[in-house]
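Data block below; observations after.
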Amino acid sequence: MRLVRVGAGLPLLLLAVAGYFLFPEYLTLFTSLFILSVFALSYDLLQGHAGVVSLGHAVFFGTGAYTAAILARHGLEEPLLGLLAALLVSAALALVLTRIVVVGNDLTRLLVTLGVGFLVFEAANQARDLTGGADGLSDFTMGPVLGLFRFDFAGETAFFYSLAVLALVYFFLWRLAGSPFGLALRGIRENVRRMPAIGAPVRRHLATAYTISGGIAGLAGALLAQTSNFASLDMLGFERSAEVMMMATLGGTGSIPGVVLGATGLGYLKDALSAMSPKYWQLGIGIVLMLSVFVLRGGIAGAFTALLRRLRGRA
C-alpha cells in the first residue's frame, strides 16, 4: 500500500475547479465522475488498505441511493440530512454483514458478497411499493442545499455539492490511512497471520473497515440519487460492483489519488465510448482494461511512481 500525502489531493481539486470554468457544458459529467470517485474510494478502503475483496459493494451504494430517495419522497428534502441518513443506514447494513464477510479467505468473501448482492437486488425488485421495482424511483424532489442552493438545470449546484463531498471523503481517508488503525489495516493486508501475534484484533479491524467502507459507498449512492433525481435497481447490480473494482485496480489500489484518477478515467472513457458506439462500447472498455494490466502494472499510481524513480535515477 502506498501512503499518500494530503498535498497530492490539491492538484486534483484545482483541476476539478478549473474544469468548471473551462468546460461549463460538461458539469453533469464532472458531477458523475466525482460520485464515482467517492464510490471507488470507499471500495479501495477494503481492497487497497485491508486486502478484502468484494463483489457486492453496490449493495451499499444502492442502499444509500434508495435511502435518500425514499426519505425525500416522504418529505425529508434537505440533501445533507439525506446524505447523513444514507451514510448511517448503509454503515448499519455493512455492520450487520461483517459477521459473514470478514471471516474466511478471498474466495469465500467473493462468493458471500456476490450472494448478498444478488439477494439484496432481488429483495429490492420485489419491494415495488418501496423501491419502485424495475421502474425505479423518480417521484421525489430535492430541496436546496442548506436551504440556499437549489439544484439547477445547468448542474452548478450538483457540481460543487459533489466536489465538496469528494474532498471531505478524500481528506478523511487520507487521515485514516496514516493513523494507527490504517497502519494496522496495512499489516493485515500484508500478513494477516502475524498481526494477532502483536496484539492486533484482526476481525474487529476488518469489521470496522467494512462498516466505514459501506457507509461511504452509501454516501456516494445518495449523491447520485440526489443529483440525478432518480434511484434504480442498477445501482444495486453486479455490474456496478464489478465496475468499482475495475476503477480501483486501474487507479492503483492503496493509492487515494490514484483511485480518484482511475475512477474519473474509466468513467470518462465509458461515457466517451458509449457516445461513439452505443452498441460496441464495452469492447473498447475491455481492450483498455486488458492493456492496462500489461502496461500500467500497479495502476496509474504505480506507473507514476515508477516514472518518478526513473527520473530520479537519471538525475
Side-chain angles (χ1 to χ4, degrees), residues 1 38-67 85-125 127 169 172-173 176-177 179 181-196 200-222 233-249 253-254 256 259 263:
M1 183 186 72
V38 174
F39 187 31
L41 286 174
S42 75
Y43 177 77
D44 188 60
L45 178 61
L46 287 182
Q47 181 177 327
H49 295 261
V52 176
V53 292
S54 171
L55 281 176
H57 211 58
V59 165
F60 310 114
F61 185 84
T63 297
Y66 275 116
T67 298
L87 186 150
L88 294 177
V89 171
S90 299
L93 176 59
L95 180 61
V96 171
L97 294 176
T98 53
R99 295 185 66 87
I100 61 174
V101 172
V102 300
V103 297
N105 53 36
D106 288 345
L107 178 60
T108 57
R109 286 170 184 157
L110 283 174
L111 293 177
V112 168
T113 54
L114 183 61
V116 169
F118 286 141
L119 287 173
V120 173
F121 181 91
E122 187 56 32
N125 187 33
V169 169
F172 170 75
L173 291 178
L176 189 70
S179 69
F181 173 73
L183 296 177
L185 290 182
R186 179 184 181 185
I188 292 171
R189 179 193 176 193
E190 296 299 329
N191 196 321
V192 67
R193 294 183 178 181
R194 290 187 179 181
M195 292 303 291
V202 173
R203 289 194 178 182
R204 189 170 69 190
H205 281 334
L206 291 180
T208 302
Y210 195 75
T211 302
I212 295 173
S213 176
I216 297 175
L219 204 66
L233 288 177
D234 78 285
M235 296 179 180
L236 291 163
F238 168 74
E239 181 179 345
R240 198 170 290 269
S241 293
E243 187 178 72
V244 74
M245 181 183 288
M246 290 187 290
M247 290 176 183
T249 304
T253 54
I256 296 178
V259 169

Thr208 and Leu185, any side-chain heavy atoms less than 4.5 Å apart: no
Could you list all the side-chain hydrogen bond (donor to acceptor under 3.5 Å, both in side chains) pairs where at least one residue sits in residues 211-220, not counting sequence neighbours? His57-Ser213
For Val59 versus Gly117, what's the shortest heavy-atom pair and its separation? CG2-CA, 3.5 Å
Val52 side chain near Leu206 side chain, heavy-atom distance below 4.5 Å: yes
Give the minimum heavy-atom separation between Ala220 and Val38, together with the two atoms involved. CB-CG1, 3.8 Å
Within the structure provided, determine whether Ile216 and Leu87 are in side-chain contact (heavy-atom separation under 4.5 Å). no
Kindly say whether Ala50 contributes a backbone atom to a donor-acceptor pair with the side chain of Arg186 at under 3.5 angstrom? no
Return the set of residues passing side chain to side chain donor-acceptor pair (under 3.5 Å) with Ser90 (not counting sequence neighbours), or none when no residue passes. none
Between Gly254 and Asp44 the two heavy atoms that sit nearest each other are N-OD1, 3.0 Å
Set of side chain to side chain donor-acceptor pair (under 3.5 Å) partners for Tyr43, sequence neighbours left out: Gln47
Full working for side-chain contact (heavy atoms from CB on, under 4.5 Å) between Leu219 and Val169: CA-CA 10 Å; Leu219 204 66; Val169 169; 3.9 Å; yes
How close do Val112 and Ile100 get, counting heavy atoms only, and between which atoms? CG1-O, 3.6 Å
Rounded to the nearest 0.5 Å, how far does CG of Leu41 lie from CZ of Phe39? 11.5 Å
With sequence neighbours excluded, tell me which residues meet side chain to side chain donor-acceptor pair (under 3.5 Å) with Arg240. Asp234
Please round to the nearest 0.5 Å and tell me the distance separating atom CG of Leu110 and atom CG of Leu55. 5.0 Å
For the atom pair CG (Leu236) and OH (Tyr66), what is the distance rounded to the nearest 0.5 Å? 6.0 Å
Rounded to the nearest 0.5 Å, what separation is found between the OG atom of Ser42 and the CZ atom of Phe61? 9.0 Å
Pairs where residues 113-122 contributes a residue and the test side-chain hydrogen bond (donor to acceptor under 3.5 Å, both in side chains) is met, not counting sequence neighbours: Glu122-Gln126
Taking only residues two or more places apart in sequence, or in another chain, which ones meet Pro201 in a side-chain contact (heavy atoms from CB on, under 4.5 Å)? Arg204, His205
Only counting residues at least two apart or in another chain, list the ones meeting side-chain contact (heavy atoms from CB on, under 4.5 Å) with Ala86. Thr67, Ala222
Please round to the nearest 0.5 Å and tell me the distance separating atom CE of Met195 and atom CZ of Arg203. 15.5 Å
Of the non-hydrogen atoms in Ala124 and Leu233, which two are nearest, and what is the gap between them? CB-CD2, 3.6 Å
Nearest 0.5 Å, please: how far is CG in Leu183 from CD1 in Ile188? 11.0 Å
Decide yes or no for Arg189 and Leu46: does some side-chain heavy atom of the first lie under 4.5 Å from some side-chain heavy atom of the second? no
Go through the structure and list residues passing side-chain contact (heavy atoms from CB on, under 4.5 Å) with Ala207, not counting sequence neighbours. Thr98
Please name the pair of heavy atoms, one in Ala40 and one in Met247, separated by the smallest distance, quoted to 0.1 Å. CB-CB, 4.2 Å
With sequence neighbours left out, the residues meeting side-chain contact (heavy atoms from CB on, under 4.5 Å) with Thr108 are Asn105
